[in-house]
Number of protein chains: 4
Amino acid sequence: MEKSKKRPSKLETPDREKEKISANREKILTTALTLFTSRGFFGTPTSLISKEAGVSTGTLFFYFKTKEELIDTLYRRIKEEAAKEMCRGIDKQKTTEAKIRRLGTNMVEWGIRNHAKLKFMEQFAHSPFVSTSAHEEGMSHFFFLGDLVKDGIREGAIRNIDPSLLFHMMAPALSGLVVQASEIENPAEREKIVQDGLDFIWNAMKA
Amino acid sequence: MEKSKKRPSKLETPDREKEKISANREKILTTALTLFTSRGFFGTPTSLISKEAGVSTGTLFFYFKTKEELIDTLYRRIKEEAAKEMCRGIDKQKTTEAKIRRLGTNMVEWGIRNHAKLKFMEQFAHSPFVSTSAHEEGMSHFFFLGDLVKDGIREGAIRNIDPSLLFHMMAPALSGLVVQASEIENPAEREKIVQDGLDFIWNAMKA
Amino acid sequence: MEKSKKRPSKLETPDREKEKISANREKILTTALTLFTSRGFFGTPTSLISKEAGVSTGTLFFYFKTKEELIDTLYRRIKEEAAKEMCRGIDKQKTTEAKIRRLGTNMVEWGIRNHAKLKFMEQFAHSPFVSTSAHEEGMSHFFFLGDLVKDGIREGAIRNIDPSLLFHMMAPALSGLVVQASEIENPAEREKIVQDGLDFIWNAMKA
Amino acid sequence: MEKSKKRPSKLETPDREKEKISANREKILTTALTLFTSRGFFGTPTSLISKEAGVSTGTLFFYFKTKEELIDTLYRRIKEEAAKEMCRGIDKQKTTEAKIRRLGTNMVEWGIRNHAKLKFMEQFAHSPFVSTSAHEEGMSHFFFLGDLVKDGIREGAIRNIDPSLLFHMMAPALSGLVVQASEIENPAEREKIVQDGLDFIWNAMKA
DNA sequence: TATGAATGAGGCTTCATTCAT
DNA sequence: GATGAATGAAGCCTCATTCAT
């Protein structure tokens, strides 16, 4: 209704204002991540988040207008980070198979280093607590996957089936692999699992 | 005044009376199923369930001691039904591949006829709202799958990888297929999708 | 969104269901009346109302969906009662002057017997806390006043000025009289004030 | 660093410094006036006032220790202004009637030019949000009215009734007139209404 | 003077659950 | 079996006010 007259930002603050940085804001996000994954969205009162984060209720609602906005922010961030991590080094791979395998490895490695984030994504991937717009934004980061698949089909490396179907079967399978792999401590064993899993996926889709 | 006229216990339903039958009870379960899938567990107050079911709050809590017990009952029922449906006619199939394919077709057909139940399973498969015991009981109905896989590996029909990993990649992939297929109206198109999906899965696991 | 399927009311309950009678409901209304007049709308937390009424928070919100609905109900009731009281015996008066005087006397007497209600009306007559619809309903009970004035003008008993203007000057003047009169204990003195006040009003409007 | 350069105290504003002058302070007062009249006291958070005034929360509380002090200041100012306006040119009128009529005209004209202030006075005239002391100070500006009435009675121009009663009936009637008149755009029509209204009032009180 | 992040008490409302009828 | 009024803990969020910069 009323537009905030956005005072001209001082020179010191460059214009990437979208994501203000603030120690408290970050503490809240980190704490919320942990709590949401371990207790669920409704199982985590905002009062608990602020207490655990060491700030007051007021502070939480100063940074996030609603509880939903908090989870949305978290969701967007993590999806973006995951997507970025996923495609790391993919363009250096020559074959489609190599790309797919690299992508899987990336995901597994990220999942192991970021257990909480992985669980968060698993839990809220289809959750109604996350706004549609956040879901869409989150999804958008993975569009490159669709392209990769289409290219693979065109080149004859991937079986010619509906890319959407392929995506909706491959993604949860990969997800399952990451979860299984990330639960294994021993690096050698884990490597074995990951390779088996990637075989599974690649066999499923290869032409 | 006369208490418990010792109801004639039919042979099929011995008196472990876990599942009392009553019109109101059923109405509550049916209503809850729809509401839970469309609004989520916390988004569905018990008062709404009872109102929509046309009974009083008291009645709901007469049949189910807590809200959790209601969702547990629902979960157990549906998992059991899904498992029963899944293995229908499997023993008549000769090869492992045929069995796997039959199983997939069963699931898809059931998913189409029982959209609400499918969504319910998707939503609450990993949900903390469902008690651990219900989750375990639900899972137990699918043990036969593990056996099927192990047999397949022993026979050399299925690739020799950790059955648990295989299960945790195959199950969500199948799930994805059912969801995708059940969203397609045209039977011919759907059949195509299903076959492609089953190819995907079988290629993934075959030796 | 969803219409309550209004079960067929049992024979014992005649169909004037609009205003359910319930000891608790009445206690809440009475308590709220007192508190609102002495502390204002925002100065009176719902928790205080329920505490003073001797019921739980839940009970208050069982009978009134929101705090606003509570004040609305109160407002409608009191306006209706006041209007009913105001026109008591007016049709028995022959002249317009007699009618106006009778009406004034009625108001004063009612105001003295119902001090809290009088203050409530004074305070919330133009208040934004009361919904527009309640304001309109409340006003509607006083339409007969407009008719009375118009009749008076037609008959030549009242000066020919815009009835709306007349109403908006007479009403608050009468209101002022009631308040002033109701603060006087001694009946004789009070009677004097009332007569002076009515003279004031009648002289103002008479042709 | 140099503190209080001992501002040159103009003769008109001796240093009782009750009313500091500052652009920001004035902006806050103006904004608050508008917001309070359109949204009420409790409906207007201090944060909204400061935002709309284009200053920070801190600044608002620098000039006004509390929210109540803000409304008090506003109330005192407006009452004083209204009273000053009301008696403009009254001493030049010879008869009591002329004085009363002049006073009414003054009020109406001021009310039209200062709609927000008029509404503010209407709304907070009996409000508990305004401190008693502010109410008393505000009232004191209108004492001259009491004197005018008493004089009128002594001279036989005004009917001999309790001046307090008269005041409490006349004031709201006049108030009603101002509101009604100020809602009319057309100057000629308005003039008509004002004259009718003043007739109403004068007839009410004349001997 | 001016800023705006930080505070925390307190307000309104929801909802699972009980129990007398 | 069935009803629905009653309960009260707990949740989300607002907002006046402070204070370090």
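Protein chains get the first letters and strands the later ones, always in sequence-line order, with residue 1 at the start of each.
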Enquirer: Over how many whole Å does the gap from A:K51 atom NZ to F:dG11 atom C1' extend?
Expert: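 The distance from NZ of A:K51 to C1' of F:dG11 comes to 14 Å, rounded to the nearest Å.
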Enquirer: Is the shortest distance from a Lys or Arg side-chain nitrogen in C:R25 or C:E69 to a carboxylate oxygen in the other one below 4.0 Å?
Expert: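 Result for this pair is no, no salt bridge flagged.
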Enquirer: In terms of the nearest nucleotide of DNA chain F, which residue is placed more toward the 5' end: A:F41 or C:G58?
Expert: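 So the residue in question is C:G58.
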Enquirer: According to side-chain contact (heavy atoms from CB on, under 4.5 Å), who are the partners of C:S131, at least two apart in sequence or on a separate chain?
Expert: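 side-chain contact (heavy atoms from CB on, under 4.5 Å) list for C:S131, sorted by chain: C:E68, C:D72, C:R76, C:S133, C:A134.
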Enquirer: Can you tell me the distance, in whole Å, between the CD1 atom of D:I49 and the P atom of E:dG4?
Expert: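 Atom CD1 in D:I49 sits about 17 Å away from atom P in E:dG4.
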Enquirer: Please confirm whether the shortest side-chain N or O distance from C:S56 to OP1 or OP2 of F:dT7 is below 4.0 Å.
Expert: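 Yes.
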Enquirer: Side chains of A:E137 and A:Y75: does their closest heavy-atom pair fall under 4.5 Å?
Expert: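 No. Closest side-chain heavy atoms not under 4.5 Å.
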Enquirer: For the side chain of D:N24, starting at C-beta, report the closest nucleotide among E:dA2, E:dC12, E:dT3.
Expert: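 That would be E:dA2.
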Enquirer: Between P on E:dT14 and NZ on B:K67, what's the gap in Å once rounded to a whole number?
Expert: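 Answer to the nearest Å: 15 Å.
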Enquirer: Once the angle between the rings of D:F36 and D:F124 is folded into 0 to 90°, is it parallel (under 30°), tilted (30 to 60°) or perpendicular (over 60°)?
Expert: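 Perpendicular, since the angle between the ring planes exceeds 60°.
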Enquirer: Given E:dA6, F:dA16, E:dT13, which nucleotide is nearest the side-chain atoms of D:F61?
Expert: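 Minimum distance to the D:F61 side chain belongs to F:dA16.
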Enquirer: The side chain of A:F62 lies closest to which of these nucleotides: E:dA2, E:dA6, F:dC13?
Expert: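 Of all the options, the side chain of A:F62 is nearest to E:dA6.
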Enquirer: Given the ring of A:F41, does A:K67 sit roughly above its face, with NZ or CZ under 6.0 Å from the centre of the six-membered ring and within 45° of the axis?
Expert: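 Relative to the ring axis of A:F41, which defines the angle, A:K67 lies inside both limits.
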Enquirer: Please check: side-chain N/O of B:S127 versus main-chain N/O of B:Q123, any donor-acceptor pairing under 3.5 Å?
Expert: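 No; zero donor-acceptor contacts below 3.5 Å.
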Enquirer: Identify which nucleotide among F:dC13, E:dA6, F:dT17 has an atom closest to any side-chain atom of D:T46, counting heavy atoms from C-beta outward.
Expert: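 For D:T46, the side-chain atoms sit closest to F:dT17.
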Enquirer: Once you round it to whole Å, what is the distance between C1' of F:dC12 and CD1 of A:I71?
Expert: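 So the two atoms are 15 Å apart, to the nearest Å.
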Enquirer: Please enumerate all residues that pass salt bridge (charged side-chain N to carboxylate O under 4.0 Å, His left out) together with D:K117, with sequence neighbours excluded.
Expert: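 Salt bridge (charged side-chain N to carboxylate O under 4.0 Å, His left out) check on D:K117 returns D:E81.
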Enquirer: With a 4.5 Å limit on heavy-atom distance, are the side chains of A:T46 and A:L70 in contact?
Expert: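 No; the side chains remain at least 4.5 Å from each other.
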Enquirer: To the nearest Å, give me how far apart CD (D:E69) and P (F:dT18) are.
Expert: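 Distance check: D:E69 CD to F:dT18 P gives 12 Å.
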Enquirer: Mapping A:K65 and B:T59 to their closest nucleotides on DNA chain F, which lands nearer the 5' end?
Expert: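 The residue mapped nearer the 5' terminus is B:T59.
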Enquirer: Can you tell me how far P of F:dA6 sits from CZ of C:F64, to the nearest Å?
Expert: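 In whole Å, F:dA6 P lies 12 Å from C:F64 CZ.
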Enquirer: Of the listed nucleotides (E:dT18, E:dT7, F:dT17), which one gets closest to any side-chain atom of B:T57?
Expert: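 My answer, after comparing the listed nucleotides, is E:dT18.
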Enquirer: Which listed nucleotide (F:dC12, E:dG8, E:dA2) is nearest to the side chain of D:Y63?
Expert: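 Closest nucleotide among those given: E:dA2.
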Enquirer: Please, what dot-bracket string fits DNA chain F when only Watson-Crick and G-U pairs with both distances under 3.5 Å count, crossing ones use [ ] and pairs to another strand use |?
Expert: .||||||||||||||||||||
Enquirer: Could you state the atom-to-atom distance from CZ of A:R25 to P of E:dA6 in whole Å?
Expert: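 After rounding, the gap between these two atoms is 12 Å.
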Enquirer: Roughly how many Å is it from CZ in C:F42 to C1' in F:dC15, rounded to a whole number?
Expert: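 Answer to the nearest Å: 13 Å.
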Enquirer: Go through F:dC13, F:dG11, F:dT3 for me and flag the one nearest to the A:P45 side chain.
Expert: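 Of the options given, the side chain of A:P45 lies nearest F:dG11.
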Enquirer: Given that B:S47 and A:G54 both sit by DNA chain E, which one's nearest nucleotide is further toward the 5' end?
Expert: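 Closer to the 5' end of DNA chain E: A:G54.
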